[in-house]
Number of protein chains: 2
Amino acid sequence: MARRSDHTREEIHLMALEAAEAIASQEGLSGLSARKVASKIGYTVGTLYLVFRNLDDLILQVNDRTLSQLYQEMERVSAKPKKPEACILALSHTYIEFASNNTARWSMIYEHVLEDDFVLPAPFQQQVQQMFALVENALRPLGKNKSDREIAQAARALWSGIHGICLLALTRKLDIAGIDSVQDLADTLTVNFLNGFREN
Amino acid sequence: MARRSDHTREEIHLMALEAAEAIASQEGLSGLSARKVASKIGYTVGTLYLVFRNLDDLILQVNDRTLSQLYQEMERVSAKPKKPEACILALSHTYIEFASNNTARWSMIYEHVLEDDFVLPAPFQQQVQQMFALVENALRPLGKNKSDREIAQAARALWSGIHGICLLALTRKLDIAGIDSVQDLADTLTVNFLNGFREN
DNA sequence: CGCATAATTGAACAATGTTCAATATGTGCT
DNA sequence: AGCACATATTGAACATTGTTCAATTATGCG
């Protein structure tokens, strides 16, 4: 038995999240179980429930970390100065590449379905908004006469669209294969959308 | 006990699919269990396994029926003569309305994750291609100089995009609410995309 | 009427999330 | 040093899941 005070609550918390990430990466959401996570960090199920409210809680926190990683990669790309169109294409490529390299964890964000009454935790919502903000910033120079509301709307539309392509392709519900064709599809959506969106 | 020959295999098969649809509509995929379906049609678990290979098989068949319904509604809309842009907007509205009115069953198509090695049954693939065909047909008049490949690519890109909007909105991963805003978002995507896609 | 055939059952198994009394362990006090 | 208290950790228990298959029961035929 793990001896008392071998690890603080915080340490156990972190260890569990990392273990869960490893399991989810290899076996997907359906392969993730409380007992597996517990045994991987050298504790038993009970301990997990001292640190997380339940499995949903743990999954939500793993997803939050994944989203955070994705955001950081996008921010890094977005920081390099580029023409607006190139910036959006680069963001889209980064998104797709992340989803492609971390398919299991990325899918988990969307596979995990919330209870009917459940409201997303604030940090999670903020992550999403931060991501949209990157797209909005890149979009703004292309629509100088457009209102903030229109820019926000466009960013959401375009990004949800890219997300949809990514999702259908990587979950193999679409009859396409390979990361290149995903990129191509996303480029098609982006280029045509920007052509229509751009003013002049 | 249900008496022998009360129902043929085919009847049991159909009853099970309908029962599963009802359960899924009310409780979602996670509320669907073999025992629930069985008891709802007055049989026991064992019987279900004479008619379906396993639960995944049953779910896949339910999804196939859902997709078929969706396709029929879209085809009905697509049959009425309209200008290309109006046609695509109408198709998108139909899609969103169906997803909105049958959220649980529609989500189930995408929530149900396939094994790594699993290949989608041919009928399922055909359904998807049929749906894309409707979009392609509406798109063709707008891109008279474009190749079939380009049209197909555009249809997939746009439609996956609309799907993405629908999915993020209805699963509440986006910070928007209500069917109207979903329609608005989808319209934004469509209108800008078509503006960019259209030739002249 | 009885027997063979086949339809239907439901007990059994392994695995799941979750709880909580019981136990092991470290800390502090005398 | 030893003892007692507090608490970290456990793991057995429960309900539920998918899936299998020997046992049972109803039916139609001879």
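Proteins come first, then strands; the chains are lettered A, B, ... in the order of their sequence lines, and each starts at number 1. Below, each value reflects all heavy atoms present in this structure, side chains not excepted, and no hydrogens, waters or symmetry copies.
Remark: C1' of C/dG17 and CG of A/Leu50 are 15 Å apart, rounded to the nearest angstrom. Straight-line distance from the CG atom of B/Asn54 to the P atom of D/dT19: 5 Å, rounded to whole Å. Distance A/Lys36 NZ to C/dA14 P: 17 Å, rounded to the nearest Å.
For the pairing with B/Gln127, the side chain to side chain contact (heavy atoms under 4.5 Å, CB included) check across B/Met131, B/Gln125, B/Gln129, B/Gln130 returns one residue only, B/Gln130.
Side-chain N/O atoms of A/Asp57 and A/Gln61 include a donor and acceptor closer than 3.5 Å. Side-chain atoms of B/Thr188 and A/Gln153 form a donor-acceptor pair, as typed in the model, at a separation below 3.5 Å.
Closest of all the heavy-atom pairs between A/Lys82 and A/Val77 is NZ-O, 3.3 Å. For B/Ile162 against B/Ser92, the heavy-atom pair with the smallest separation is CD1-CB, 3.7 Å.
Here D/dG18 is the nucleotide among D/dG18, C/dT8, D/dG11 with the atom lying nearest to any side-chain atom of B/Ala34. Nearest to the side chain of B/Val45, among C/dA7, C/dT18, D/dT19, sits D/dT19. Comparing C/dT16, C/dT8, C/dG17 by their closest approach to the side chain of A/Leu55 singles out C/dG17. Closest to the B/Thr44 side chain, of the nucleotides C/dT9, D/dT17, C/dT18, is C/dT9. Of the candidate nucleotides D/dT19, C/dT18, D/dG11, D/dT19 has the atom lying nearest to any side-chain atom of B/Arg35.
Residues B/Glu21 and B/Met108 form no side-chain contact, since every pair of their non-hydrogen atoms from C-beta on lies 4.5 Å or further apart. Two residues are said to be in side-chain contact when any heavy atoms from C-beta on lie closer than 4.5 Å; A/Arg156 and A/Glu136 meet this criterion.
With the nearest nucleotide of DNA chain C identified for both A/Gly46 and A/Leu32, A/Leu32 has the one nearer the 5' end.
Taking only side-chain nitrogens and oxygens, A/Ser33 comes nearer than 4.0 Å to OP1 or OP2 of C/dT16. Contact check, B/Arg53 against D/dT19: no side-chain N or O comes under 4.0 Å of OP1 or OP2. Of the side-chain N and O atoms in A/Thr47, none sit less than 4.0 angstrom from OP1 or OP2 of D/dA8. The phosphate of C/dT18 has OP1 or OP2 within less than 4.0 Å of a side-chain N or O from A/Tyr49.
Here A/Leu58 lies out of heavy-atom contact (under 4.0 Å) with every strand. Within the nucleic acid shown, A/Leu48 has no heavy atom closer than 4.0 Å to any nucleic acid atom.
The stretch residues 12-31 of chain B has no heavy atom under 4.0 angstrom from DNA chain D at all.
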